[in-house]
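Counting from 1, the numbers follow the sequence of the chain as shown.
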Amino acid sequence: MPAESMEYDVVIVGAGPAGLSAAIRLKQLSPNTSVCILEKGSEVGAHILSGAVLEPRALNELISDWKEKDAPLTVLATEDRFLFLTKTKAFRLPTPPQMHNHGNYVISLGNFCKWLATQAEALGVQIFPGFPAADLLIENGRIAGVITGEFGVAKDGSKKPSYQPGMEIKGKVTLFAEGCRGSLSEQLIKQFNLRDGTSPQTYGIGIKELWEIDSAKHKPGLAIHSVGWPLDSQTYGGSFLYHGENNRVAVGFVIGLDYQNPHLDPFLEFQRFKTHPAIRKYFEGGRRICYGARALNEGGFQSIPKLVFPGGALIGDGAGFINVPKVKGTHTSMKSGMLAAEAIAAGTLESYPESLKQSWVYDELHKVRNIRPGFDFGLFAGLIHAALDTYILRGRAPWTFRNHADHSQLRRASQTPKITYPKPDGKLTFDRMSSVFLSSTNHEEDQPCHLTLKDPKIPVEVNLPQYDAPEQRYCPAGVYEIVRDDSPRLQINAPNCVHCKTCDIKDPTQNIVWKTPEGGGGPNYSGM
């Protein structure tokens, strides 16, 4: 059956902050330009996960009257605390200037994206949720759009009665705003050698819960960050607690995916973190509402790839615009989408990288470029270097540290200590399956597995004996399981997948390939 096709002036892949901002800016400048956005989640915001404290700088530039338009920014950040944790103590440290949140807002990024979508649609942007961009449409070496995923394909590859072929969504320009480790973005980076001359991208895994707590313990606008326990001094990571509205607190833990010990379990480190006396006091007597996980780019300035290729460009976190020391990336991602839109409206997409270089995004990321890689020398050396870089050098060091590929950092299981984690109590700490349930993750069971292996023998012949099958631990959703029948085998529980992309990043042999499942599958986050 020949694929149907639709044509637009601009096609945007991903309805996150970058994609929606690009669409809005483009329609502001060129109202007659036809724009569509494809979103793999069941609705806008369903796959959006972040802390989040929003710096409104880009929003002010994009929609100056956002307050009159009832943007869901209602809780001003009022107090910052930065803690160093030992197993039983919490020491308050001076809050780094990058983490000062005066003038920022504690938000739900999912709700913010839903609001941005209404602004885009009011300008005439067409948004199609539940339609993942599964393949690139290439004509004469140029990206001419994308092909959406098929519906109604059975697990054995046969076509069910409900079968619908993918559609060709053609665009004169295609912007890829898929977020961290987007599957098509990664294809483009390889196909057009966009990472030539740049440092490898490095990542973190962020795990988050949303709680409703006792009103007596709730302080709207309070933002707490911590480093230290439960991680050892050689593992990069830290936590956040953001007090939002309606007695809700977002709590999360981020661990750099360059960790070395294959026995480390990011999900269980997060659960253990909540038992610290300085942390658990907020949640005792509270109720957990939602759970989710997502990888995030940590490479910063030196890991941003080339942004433009024939027929399109990368915007947002797919390119890696997070300011790691600031613990923020929404404002920079939004601005990248706006700059790409301005270049398209001017008929000069090729000017997008240069306009980015002249913008505050470039300056902001350049100043902090050495702080995250400085922690490669350990927590204490990293803190000292960050203070030196911030207060003395002021981001003007004559050197730029390189990043490394995370999958290459794991040591052998026999060379590293095992870690004993306490059992969940079901009140403050929880197991994976009850957590995945709260993410409202859903996939059509009878469909081809969207998590594939280049070589099916590697999990048992390499990963298990050398690294004790780390995929069982780095996945925050229990997707990968070593089943020991007559002989061990890897079982992939694909319906559990929350689309965090950690497996695609951390697998030591880079044997796992993440592809888009049938449209609308995955988590359905609410208020995250």
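No side-chain donor-acceptor contact under 3.5 Å links Q234 to the backbone of L379. At least one donor-acceptor pair closer than 3.5 Å links the side chain of Y352 to the backbone N or O of L314. Counting only distance, with no hydrogens or angles, the side chain of E178 and the backbone of S185 share a donor-acceptor pair below 3.5 Å. A side-chain donor-acceptor contact under 3.5 Å links D507 to the backbone of N511. Using modelled atom types, one side-chain atom of H263 and one backbone atom of A413 make a donor-acceptor pair closer than 3.5 Å. Judged purely by atom type and a 3.5 angstrom limit, E55 has no side-chain atom pairing as donor or acceptor with the backbone of R57. In this structure, the side chain of Q302 engages the main chain of F401 through a donor-acceptor pair within 3.5 Å. Distance alone, capped at 3.5 Å, is enough to place a donor-acceptor pair between the Q201 side chain and the G299 backbone. Although no hydrogens or angles enter the test, the distance criterion places no donor-acceptor pair under 3.5 Å between the side chain of K172 and the main chain of D9. Checked by atom type and distance alone, the side chain of T390 never pairs as donor or acceptor with a backbone atom of A387 at under 3.5 Å.
For T416 and N261, the side-chain atoms include at least one donor-acceptor pair closer than 3.5 Å. In summary, the side chains of S226 and S239 do present a donor paired with an acceptor at a separation below 3.5 Å, with no hydrogens or angles considered. For the 3.5 Å distance criterion, the side chains of D80 and H100 fail to qualify, holding no donor opposite an acceptor. Checked by atom type, the side-chain pair E364/T332 shows no donor-acceptor distance below 3.5 Å. Between the side chains of E186 and Q191, not a single donor N or O lies within less than 3.5 Å of an accepting N or O. Judged by distance alone, the side chains of N101 and K328 do bring a donor and an acceptor atom under 3.5 Å apart.
Checked options N403, N297, D406; the residue passing with T202 is D406 (criterion: side-chain hydrogen bond (donor to acceptor under 3.5 Å, both in side chains)).
Between C503 and L451, the shortest heavy-atom distance links the atoms SG-CD2, 4.0 Å. Across all non-hydrogen atoms, the minimal contact from S333 to A18 is O-CB, 3.4 Å. When all heavy atoms are compared, the tightest approach of I48 to P17 is CD1-CD, 4.4 Å. Across all their heavy atoms, I505 and Q510 have their closest contact at O-NE2, 3.1 Å. The shortest non-hydrogen separation linking R412 to P262 is C-CG, 4.2 Å. Annotation for K335 and S359: closest pair CE-CB, 4.5 Å, computed over non-hydrogen atoms.
Side chains of V368 and Q98 form a contact here, defined as non-hydrogen atoms less than 4.5 Å apart. Residues I107 and P72 form no side-chain contact, since every pair of their non-hydrogen atoms from C-beta on lies 4.5 Å or further apart. For the pair I255 and L264, the minimum side-chain heavy-atom distance is below 4.5 Å. Side-chain atoms of C475 and T502, non-hydrogen and from C-beta on, never get closer than 4.5 Å to each other. In this structure, P508 and P470 have side chains that are in contact, with non-hydrogen atoms separated by less than 4.5 Å. When side chains are defined from C-beta on, L136 does not count as touching I147, because their heavy atoms never get closer than 4.5 Å. Using a 4.5 Å heavy-atom threshold, the side chains of I384 and L388 count as separate. Here the side chains of Y242 and V251 are not in contact, with every heavy-atom distance at 4.5 Å or above.
Summarising the geometry, atom NE2 belonging to H243 is positioned 9.5 Å from atom OG1 belonging to T78; distances are rounded to the nearest 0.5 Å. Taken to the nearest 0.5 Å, the CG atom of L49 stands 10.0 Å off from the CD1 atom of I207. Here the NZ-CG distance, from K357 to D363, works out to 12.5 Å after rounding to the nearest 0.5 Å. Going from atom OG1 of T330 over to atom CG of D317 covers 8.5 Å, rounded to the nearest 0.5 Å. Between the OG atom in S183 and the NZ atom in K515 there is a gap of 10.0 Å [rounded to 0.5 Å]. Rounded to the nearest 0.5 Å, atoms CD (E39) and CD1 (I37) are 9.0 Å apart.
R92 forms no cation-pi arrangement with F82, by the criterion of a distance under 6.0 Å to the ring centre and an angle within 45° of the ring axis. A cation-pi contact, defined as under 6.0 Å to the ring centre and within 45° of the axis, is absent between K208 and F253. For K190 and F192, the positive end is not near the middle of the six-membered ring at less than 6.0 Å and at most 45° from its axis.
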**OP:** Assess whether side chain to side chain contact (heavy atoms under 4.5 Å, CB included) is satisfied between L453 and V513, documenting all intermediate values.
**Re:** CA-CA 6 Å; L453 303 175; V513 179; over 6 Å; no
**OP:** Apply side chain to side chain contact (heavy atoms under 4.5 Å, CB included) to the pair I169 and C36, showing each step before the final yes or no.
**Re:** CA-CA 9 Å; I169 310 297; C36 87; 3.8 Å; yes
**OP:** Could you go through the side chain to side chain contact (heavy atoms under 4.5 Å, CB included) check for L29 and I344 one step at a time?
**Re:** CA-CA 10 Å; L29 296 172; I344 294 169; over 6 Å; no
Subject >> D196/T198 under side-chain hydrogen bond (donor to acceptor under 3.5 Å, both in side chains): CA gap, chis, key distance, verdict >> reply: CA-CA 6 Å; D196 284 1; T198 69; over 6 Å; no
Subject >> side-chain hydrogen bond (donor to acceptor under 3.5 Å, both in side chains) assessment of W360 paired with E61 >> reply: CA-CA 12 Å; W360 52 261; E61 296 178 9; 3.0 Å; yes
Original post:
So L38 and T148, side chain to side chain contact (heavy atoms under 4.5 Å, CB included) or not? Walk me through it.
Top reply: CA-CA 9 Å; L38 300 177; T148 64; 4.0 Å; yes
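A salt bridge links R372 and D258; the closest N-O separation between the charged side-chain nitrogens and carboxylate oxygens is under 4.0 Å. A salt bridge does not link E471 to R473: none of the charged side-chain nitrogens sits closer than 4.0 Å to a carboxylate oxygen. Ion pair R142/E139 not flagged as a salt bridge, since none of the NZ, NE, NH1 or NH2 atoms sits closer than 4.0 Å to an Asp/Glu carboxylate oxygen. For the pair D265 and R432, the salt-bridge criterion is met [side-chain N within less than 4.0 Å of a carboxylate O].
Ring pair H407/Y203: centre-to-centre distance not below 6.0 Å. Ring centroid separation for the pair F267 and Y474 does not come in under the 6.0 Å cut-off. Residues W66 and Y105 bring their aromatic ring centres within 6.0 Å.
Ring geometry for F309 against F176 counts as tilted: the plane angle lies between 30° and 60°, on a 0 to 90° scale. Relative orientation of the W514 and H450 rings is perpendicular, given thresholds of 30° and 60° on the angle between their planes.
The local environment of CG in N140 is sparse, with at most 12 non-hydrogen atoms from other residues, nucleotides or ligands closer than 6.0 Å. When the shell of 6.0 Å around NZ of K114 is examined, it contains more than 12 heavy atoms from other residues, nucleotides or ligands. Around NZ of K367, the count of heavy atoms belonging to other residues, nucleotides or ligands within 6.0 Å does not exceed 12.
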